[in-house]
Amino acid sequence: MVDTETQRTGQQTGAAIEIDGLTKRFGEHVAVDNLTFSVPIGSVFGFLGPNGSGKTTTIGMVLGLIPPSSGTARILGNDVRTDLPDVLERVGAMVERPAFYPYLSGRMNLQIFARQIGRDDQERVSELLDLTGMSERADAKFGGYSTGMKQRIGIAAALLDDPDVIILDEPTSGLDPAGQREVRALVRRLADAGHTVFLSSHILGEIQDVCTHIAIINRGKLVAAGRMDEILEASNELVIDIDRPEDAGSLLSSVDTVEDVHLENGRVVIEVPLEHAAEINARLVQSGFAVSQLRHRERDLEDRFLELTDQHTRSELENG
Ligand SMILES: Nc1ncnc2c1ncn2[C@@H]1O[C@H](COP(=O)(O)OP(=O)(O)OP(=O)(O)O)[C@@H](O)[C@H]1O
Ligand SMILES: [Mg+2]
């Protein structure tokens, strides 16, 4: 069965963006290193990575602004390098803080922008001012807007041509918590309206809050990609409240399925496949320990992100 989204885009793959072996070298420095992942149609996709990890460079390649050293990027099936005009028709982007005229209103700026892309449509501009929550201040000078308002005008500009795919590079950077919340709400509205949204960030909380899928990169390399719930669930850590934690720890160290045993604030923390939890509990009780609690470590994305990027950095250093 072909769903309506697939019909709309004419794609069989279900991918809004497909990145395959994408690499960018600046001289000796490999800024983006053989990245491969895809962004499902209809997803809100978070592209996470520490400063300098290659997010903006990747987005630049996806948008045809930066030529890759090797690899390909496709948007809705079109190769960015060979079918750029088709790509640009389907995608709207806000990469850097966009340049607008400070002495003109937000509305006027958008109208000028609209004319430039051949879409002289005042109604569309009003609609977007509504969508971005800027209607009330639309006729005030752009230069007088707060950072968050400027950002929202930038997003409105990216939406002018009603793109299927929206790419936002750090849309909440420089915003206060209220501004960040507004942008998140806007991203949700865009997703509800059927757009695929790809946004980069190093602010984990907001990605966790709003995204259905993520890719995590570190030093230009992919660390993890997939559905948010799957990436968060990948924890094997069991936290055990128990009497005589040191003795319990040494008992558990001898169990085959248990990978790592350490103590944290008087609790035993072990790494073990989740399905072995009951067996571990039975083993402890049989050996005369009083187990008062045994639970999986709740993960939030921040823990997971730091853990994955730390692991990745360590193995990179070890392997040279
Ligand atoms: N034009 C360029 N010439 C040389 N090196 C570059 C160039 N553009 C980016 N780099 C380097 O490539 C790496 C990745 O940069 P990039 O801007 O893509 O990272 P980022 O993840 O977007 O970082 P941030 O979170 O700070 O925005 C960095 O080490 C950067 O210094
Ligand atoms: Mg960047």
Side-chain angles (χ1 to χ4, degrees), residues 17-39 44-73 75 80-81 91-99 147-148 150-152 154-155 157-158 165-177 179-180 183-184 187 197-211 213-225 228 231 301-302 304-317 319-320:
I17 304 173
E18 286 170 279
I19 289 172
D20 189 6
L22 204 58
T23 299
K24 182 68 190 182
R25 284 184 211 92
F26 292 111
E28 291 286 284
H29 180 63
V30 186
V32 175
D33 194 351
N34 197 21
L35 277 192
T36 300
F37 62 90
S38 66
V39 176
V44 178
F45 196 103
F47 189 38
L48 268 179
N51 288 130
S53 55
K55 300 181 296 294
T56 300
T57 306
T58 303
I59 289 175
M61 291 191 282
V62 168
L63 290 170
L65 299 167
I66 298 175
S69 306
S70 57
T72 55
I75 294 187
V80 172
R81 275 183 301 174
V91 68
M94 187 181 72
V95 180
E96 268 141 23
R97 196 135 306 146
T147 312
K150 289 177 178 167
Q151 204 81 337
R152 281 186 275 160
I155 296 175
V165 181
I166 297 159
I167 298 180
L168 306 170
D169 191 15
E170 307 251 5
T172 61
S173 85
L175 303 190
D176 60 18
Q180 292 174 9
V183 169
R184 283 201 297 274
V187 166
V197 186
F198 180 88
L199 74 160
S200 75
S201 179
H202 54 260
I203 305 169
L204 305 147
E206 74 179 26
I207 293 267
Q208 185 166 12
D209 207 34
V210 80
C211 293
H213 295 69
I214 52 173
I216 300 177
I217 61 167
N218 187 35
R219 300 167 162 235
K221 289 200 172 101
L222 190 71
V223 174
M228 175 80 76
I231 286 182
L301 186 54
E302 180 148 3
R304 195 76 189 115
F305 172 76
L306 291 175
E307 182 185 273
L308 287 169
T309 51
D310 278 356
Q311 273 171 9
H312 182 257
T313 302
R314 247 180 289 137
S315 71
E316 287 271 285
L317 292 177
N319 300 331

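Whatever order the structure lists ligands and atoms in, that order sets their numbers, starting from 1.
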query = Nearest to atom 17 (O) of ligand 1, what protein heavy atom do you find, and at what distance?
reply = Thr56 CB, 3.8 Å
request  = Please work out which of Glu170, Lys55, Arg25 has its closest non-hydrogen atom nearest to atom 21 (O) of ligand 1.
outcome  = Lys55
key: the Mg ion (ligand 2) contact by Thr56, N, O or S atom under 2.8 Å   = yes
key: Per-atom contacts, ligand 1 versus Pro50 - under 4.0 Å to a heavy atom   = 21 (O)
key: Rounded distance (nearest 0.5 Å) linking atom CG of Leu65 with atom OG1 of Thr57   = 11.0 Å
ask   = To the nearest 0.1 Å, how far is atom 3 (N) of ligand 1 from its closest protein heavy atom, and which atom is that?
value = Phe26 CD2, 3.4 Å
message = Measuring only between side-chain heavy atoms, which start at C-beta, is Ile17 closer than 4.5 Å to Phe45?
response = no
note = The residue among Thr172, Ile216, Val44, Ile214 that forms side-chain contact (heavy atoms from CB on, under 4.5 Å) with Ile207 is Ile214
Protein contact to atom 16 (P) of ligand 1 [nearest heavy atom, distance to 0.1 Å] = Thr57 OG1, 3.6 Å
query = What residue and heavy atom of the protein are closest to atom 19 (O) of ligand 1, and at what distance?
reply = Gly54 N, 3.2 Å
message = Strictly less than 4.0 Å: does any protein heavy-atom distance to atom 10 (N) of ligand 1 fall in that range?
response = yes
task = Hey, can you tell me if Phe198 and Phe47 have their rings parallel, tilted or perpendicular (30° and 60° cut-offs)?
result = tilted
task = Measure from atom 30 (C) of ligand 1 to the protein's non-hydrogen atoms and state whether any distance is below 4.0 Å.
result = no
ask   = How close does the nearest protein non-hydrogen atom get to atom 12 (O) of ligand 1, and which residue and atom is it?
value = Ala31 CB, 3.2 Å
task = Ignoring hydrogens, just give me the one of Ser53, Gly52, Ser173, Ser201 whose non-hydrogen atom is nearest atom 28 (C) of ligand 1.
result = Gly52
ask   = Distance from Ile167 atom CD1 to Met94 atom CE, nearest 0.5 Å?
value = 12.0 Å
key: Min side-chain heavy-atom separation Lys24-Ser69 under 4.5 Å   = yes
query = Of all the heavy atoms in Gly60, does at least one lie under 4.0 Å from an atom in ligand 1?
reply = no
message = With a cutoff of 4.0 Å, is Gly49 in contact with ligand 1, counting heavy atoms of the residue only?
response = no
ask   = Atom CD1 in Ile217, atom OG1 in Thr58: separation rounded to 0.5 Å?
value = 4.5 Å
ask   = Roughly how far, to the nearest 0.5 Å, is the CD atom of Glu170 from the CG atom of Asn51?
value = 7.0 Å
query = Among Leu48, Val30, Asn51, Thr58, which one has a heavy atom closest to atom 24 (P) of ligand 1?
reply = Asn51
ask   = Hey, does Pro50 have a side-chain heavy atom less than 4.5 Å from the side chain of Arg219?
value = no
Atom pairs and distances, side-chain donor-acceptor, residues 28-39, under 3.5 Å, sequence neighbours left out:
| residue | atom | partner | partner atom | Å |
| --- | --- | --- | --- | --- |
| Asp33 | OD2 | Lys221 | NZ | 3.3 |
| Thr36 | OG1 | Gly21 | N | 2.9 |

Ser200 contact mode with ligand 1 (heavy-atom cut-off under 4.0 Å) = neither
